[in-house]
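All figures in this text were calculated on a predicted structure; none of them were measured in a lab. Numbers for residues simply follow the sequence, beginning at 1.
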Amino acid sequence: QVRLVESGGGSVESGGSLTLSCGASGDTASTICMGWFRQVPGKTREGVAIIEHNGTTRYLNSVKDRFTVSLDTAKNTLRLQLKSLRPEDTAMYYCAAALNKYEGRCDYTYWGQGTQVTVSS
């Protein structure tokens, strides 16, 4: 079992910055992937940034060069730095953890409650 708690969301103007944090507890030593996802009501949830246990990171194309994901293993904290925010980045952001892979892809089974990011134009 892994418990995830996000924080750091808020309202900013276009071009602004935020840093989201996700504190993890429980069986964190067994996690092989952690990631940030976002969802807008009525739309499909999308992966924003993930980091694997070997340090490999992957980003949604629309956030490359603007968002940075990092994992502080000493503090069991996943972070997402958001810069140059755009109105289309407005969404509920969720942290997730995977303990296994399925068909070569991280199988996220633990999710946080989400933190809202709102970007005004």
| field | Listed partners of Asp72 passing salt bridge (Lys or Arg N to Asp or Glu O under 4.0 Å), at least two apart | value | Arg79

| task | Return the set of residues passing side-chain contact (heavy atoms from CB on, under 4.5 Å) with Val12 (not counting sequence neighbours), or none when no residue passes. | result | Leu18, Leu85, Val119

| field | In one Ile/Leu/Val/Met/Phe/Trp/Tyr side-chain cluster, 4.5 Å: Met34, Met92 | value | no

| note | Taken in chain and number order and not counting sequence neighbours, the residues that satisfy side chain to side chain donor-acceptor pair (under 3.5 Å) with Ser25 are none

| Sequence neighbours excluded, every pair satisfying salt bridge (Lys or Arg N to Asp or Glu O under 4.0 Å) that has a member inside residues 27-40 | Arg38-Glu46, Arg38-Asp89

| said: Check this for me: Gln1, atom CD, are more than 12 non-hydrogen atoms of other residues, nucleotides or ligands nearer than 6.0 Å? | reply: no

| message | Quick check: closest heavy atoms across Ala91 and Gln116, and the distance to 0.1 Å? | response | O-NE2, 3.4 Å

| message | Would you say Ile50 ends up clustered with Leu4 if hydrophobic residues are merged whenever their side chains have heavy atoms under 4.5 Å apart, either directly or through other cluster members? | response | no

| said: Would you say that Ser14 contacts Pro87 through its side chain, given a criterion of any heavy-atom pair below 4.5 Å between the two side chains? | reply: yes

| remark: d(Asn100 CG, Thr109 OG1) to nearest 0.5 Å is 7.0 Å

| Side-chain touch Leu78/Ile51, heavy atoms, less than 4.5 angstrom | yes

| task | For residues Ala98 and Asp107, report the shortest heavy-atom separation together with the two atoms involved. | result | CB-O, 3.2 Å

| So, the side chain of Thr77 versus the backbone of Lys75: is there a donor-acceptor pair under 3.5 Å, distance only? | yes

| Can you pull the disulfide (SG to SG under 2.5 Å) pairs that have at least one residue in residues 25-105, sequence neighbours excluded? | Cys22-Cys95, Cys33-Cys106

| task | Inspect the surroundings of CG in Asp65 and state if more than 12 heavy atoms from other residues, nucleotides or ligands are less than 6.0 Å away. | result | no

| Do Tyr94 and Leu60 share a hydrophobic cluster (ILVMFWY, side-chain heavy atoms under 4.5 Å, transitive)? | no

| What residues form a side chain to side chain donor-acceptor pair (under 3.5 Å) with Lys64, not counting sequence neighbours? | Asn61

| task | Please report the shortest heavy-atom distance between Val69 and Ala49, naming the atom on each side. | result | CB-CB, 3.9 Å

| Distance-only, no hydrogens or angles: does the Thr90 side chain make a donor-acceptor pair with backbone N or O of Thr118 under 3.5 Å? | no

| query | Do Val2 and Thr31 pass the side-chain contact (heavy atoms from CB on, under 4.5 Å) test, and can you show the C-alpha distance, the side-chain angles, and the key distance before you say yes or no? | reply | CA-CA 8 Å; Val2 177; Thr31 58; 4.1 Å; yes

| Within residues 102-121 or reaching into it, pairs that qualify as ring-ring contact (aromatic ring centres under 6.0 Å, His included) - sequence neighbours excluded | Phe37-Tyr108, Phe37-Trp111

| task | List for me each residue that meets salt bridge (Lys or Arg N to Asp or Glu O under 4.0 Å) alongside Glu88, sequence neighbours excluded, and say none if there are none. | result | none

| Checking Arg66 side chain against Ser84 main chain: does a donor-acceptor pair fall under 3.5 Å? | yes

| task | Go through the steps for Val48 and Leu80 under the test side-chain contact (heavy atoms from CB on, under 4.5 Å), then give the verdict. | result | CA-CA 10 Å; Val48 175; Leu80 185 68; 4.3 Å; yes

| said: Going by the rule side chain to side chain donor-acceptor pair (under 3.5 Å), which residues pair with Ser121 if we only count those two or more places apart in sequence or in a different chain? | reply: none

| query | Could you give all pairs that pass the ring-ring contact (aromatic ring centres under 6.0 Å, His included) test and reach residues 55-82, with sequence neighbours left out? | reply | none

| task | Would you please name every residue forming a salt bridge (Lys or Arg N to Asp or Glu O under 4.0 Å) with Glu6, sequence neighbours left out? | result | none

| All salt bridge (Lys or Arg N to Asp or Glu O under 4.0 Å) counterparts of Lys101, not counting sequence neighbours | Glu52

